[in-house]
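Heads up: the structure comes next, in structure tokens.
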Protein chains: 2
Amino acid sequence: MKNLRVNIEISSKLYLKNPDTSELGQSILSNSIELISEIGFEAFTFKKLGEVINSPESSVYRYFKNKHSLLVYLTSWYWYWTEYRLVFATINIDLPQERLMRSLDILTKPVLIDNSFSYINEVLLSEIIFSESIKAYHTKDVDEENKKGCFKAYKGVVQRVSDIILELSPEFAFPHMLISTVIEGAHQQHYFSKHLPALTDTNKGEVGISEFYKTLTLKTLDL
Amino acid sequence: MKNLRVNIEISSKLYLKNPDTSELGQSILSNSIELISEIGFEAFTFKKLGEVINSPESSVYRYFKNKHSLLVYLTSWYWYWTEYRLVFATINIDLPQERLMRSLDILTKPVLIDNSFSYINEVLLSEIIFSESIKAYHTKDVDEENKKGCFKAYKGVVQRVSDIILELSPEFAFPHMLISTVIEGAHQQHYFSKHLPALTDTNKGEVGISEFYKTLTLKTLDL
DNA sequence: CAAATATAATAGTATTACTATCATTTTATA
DNA sequence: TATAAAATGATAGTAATACTATTATATTTG
């Protein structure tokens, strides 16, 4: 994946003006990632972002309808990027079980190395996804946004891994349920590990989370 | 459980003035449950609540610091109540596996019958918990609130079911992780079923969710 | 170089999330 | 039953948020 420039194209329905095509737009993306991971999505405002990038908030509003749309854009970017990672991690691997395990590694572990893929800091972005992405689809307007295709990238990732499961266990009736449980579960366990340790078992470190979900998946599939 | 009045006492740190001890307080609780389940927690404000109960918002503020504190109170109430349900559902049941299955039923299925336990509509409250409770602990102030004991009730429920797991599989290293995965997973799958069906497999109805998590639990524990 | 486009600078509005004050009603108690 | 204490109502006000609008000034493009 290093030194390989893959262009992640985000549906035009997720922005007012493509942030990828201008310096200000790219600055909005990279600085919002930094600011959100610093102060959290709740405290994040376009006004504060404007101060960081030295632009009035009204300029940010030309790119995104509101901060929620920006979060949807970022999660969408993350899941398209994750799909690329899944493809690269499983290509040329014959055994479906090995492909499944490699996929689960990607889905359950936070990103540790920033490949400096363009202007996006993937380490910080993955932290945001792990702790805030649930807010992207937990809103009054889910249905409307879902129709617009806001969550297409996430659904694509779940579908891709579900397909591996069906290859391994064609009769298994709950591949999507299992994978979305694993993805969201891993995100939450990392959060619990940091903030509500009584709800998890990561006394020995967070490494166990990925192992837990891999074992859970294999056992659920009788593998 | 019917006709049995169990008094659920909520820690005084979760309110400014005990809503349980006055008519206005009880009206705040019952009407906020109705209003939140109607318009969602985001759109819910103390001003709108005030209109419903015919009191100024300033009166509501005398009971709760803000709407977030009210949500924390409601989730806390729900989990204490759920702990009672767990106790009643598992008492006198000898086989730990049967106790586990009955517990998982309670944790993964939304409440369908309102026992009219005092002024709280448990059906609506459980709907709120399933779809909004994650917002209670996904905030900037988790750590602070956790120290204050805001999530004690939830942690107690997880601990109680973890204990059953340890009775069945004393060597199992991840009982809390498994149970919090099941609880949060079930909540999310119900939400996905309604709003993002591509992330789940409930074409045949939501009944499958509970069965899925029971099977997943048994298999993960090699039972 | 002109026209089109993007950005900056600034102002303004509605709503939210509160806080404050004081009058009125209800409740407790002597 | 009178009186103090507590609770509630009515009203006003503030700071921040989440925008929208306008116009001037750059910058890009044809």
Side-chain angles (χ1 to χ4, degrees), chain A residues 12 14-32 35-36 38-74 119 132 135-136 138-141 144-145 150, chain B residues 12 14-32 35-36 38-74 119 132 135-136 138-141 144-145 150:
Chain A
S12 65
L14 299 191
Y15 51 74
L16 298 176
K17 188 165 139 60
N18 193 343
D20 194 43
T21 59
S22 77
E23 231 176 284
L24 180 62
Q26 299 183 1
S27 171
I28 286 170
L29 292 181
S30 59
N31 285 286
S32 63
L35 192 53
I36 291 170
E38 227 173 85
I39 64 175
F41 184 67
E42 293 163 90
F44 171 83
T45 67
F46 279 181
K47 200 177 179 197
K48 287 177 190 166
L49 176 61
E51 277 156 33
V52 171
I53 63 173
N54 273 307
S55 284
E57 54 177 339
S58 55
S59 290
V60 182
Y61 277 104
R62 271 195 239 99
Y63 285 87
F64 293 102
K65 212 179 144 236
N66 48 46
K67 74 172 183 171
H68 175 256
S69 307
L70 172 59
L71 183 63
V72 171
Y73 180 98
L74 291 176
Y119 42 87
E132 317 267 19
K135 292 169 188 167
H138 244 282
T139 46
K140 272 280 105 180
D141 312 315
E144 207 180 309
E145 294 189 334
C150 291
Chain B
S12 64
L14 300 192
Y15 51 75
L16 299 175
K17 189 164 141 58
N18 193 342
D20 193 44
T21 59
S22 76
E23 229 174 286
L24 180 62
Q26 298 182 2
S27 170
I28 286 170
L29 293 181
S30 57
N31 286 286
S32 63
L35 192 52
I36 291 170
E38 224 173 87
I39 64 175
F41 184 67
E42 293 163 89
F44 172 83
T45 67
F46 279 0
K47 199 174 180 199
K48 288 177 189 165
L49 175 62
E51 277 156 33
V52 170
I53 63 174
N54 273 309
S55 284
E57 53 176 340
S58 56
S59 291
V60 182
Y61 277 104
R62 281 199 209 94
Y63 286 86
F64 294 101
K65 215 181 143 234
N66 48 46
K67 74 172 184 172
H68 176 255
S69 307
L70 172 59
L71 182 64
V72 172
Y73 180 99
L74 292 176
Y119 42 86
E132 316 267 18
K135 292 169 187 166
H138 244 282
T139 47
K140 273 278 105 180
D141 312 315
E144 208 180 308
E145 295 188 336
C150 291

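Each chain gets a letter, A, B and so on, in the order the sequences are listed, and its residues count up from 1. What you see below is based on every heavy atom in this structure, not just the backbone, and it leaves out hydrogens, waters and symmetry mates.
Side-chain polar atoms of B:Y119 and B:D20 form a donor-acceptor pair below 3.5 angstrom.
In this structure, the separation between CD on A:E38 and CG on A:N31 is 10.0 Å, given to the nearest 0.5 Å.
Applying the side-chain hydrogen bond (donor to acceptor under 3.5 Å, both in side chains) test to every pair with at least one member in residues 56-67 of chain A, sequence neighbours left out, gives these pairs: A:S22-A:Y63, A:N66-A:S69.
Relative ring orientation between B:F41 and B:F44 is described as parallel, the plane-to-plane angle staying below 30° on a 0-90° scale split at 30° and 60°.
At least one side-chain heavy atom of B:I36 sits under 4.5 Å from a side-chain heavy atom of B:L74.
Without hydrogens or angle criteria, B:K17 side chain to B:G25 main chain gives no donor-acceptor distance under 3.5 Å. The closest donor-acceptor contact from the side chain of B:E42 to the backbone of A:K140 lies under 3.5 Å.
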- Note on the structure: Protein heavy-atom contacts under 4.0 Å, written 5' to 3' over nucleotides 6-25 of chain D as B (base), S (sugar-phosphate only) or - (none), form the string -SBBBB------SBBB----
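Along DNA chain C, read 5' to 3', the first and last nucleotides having any atom under 4.0 Å from a heavy atom of chain A are C:dA6 to C:dT10.
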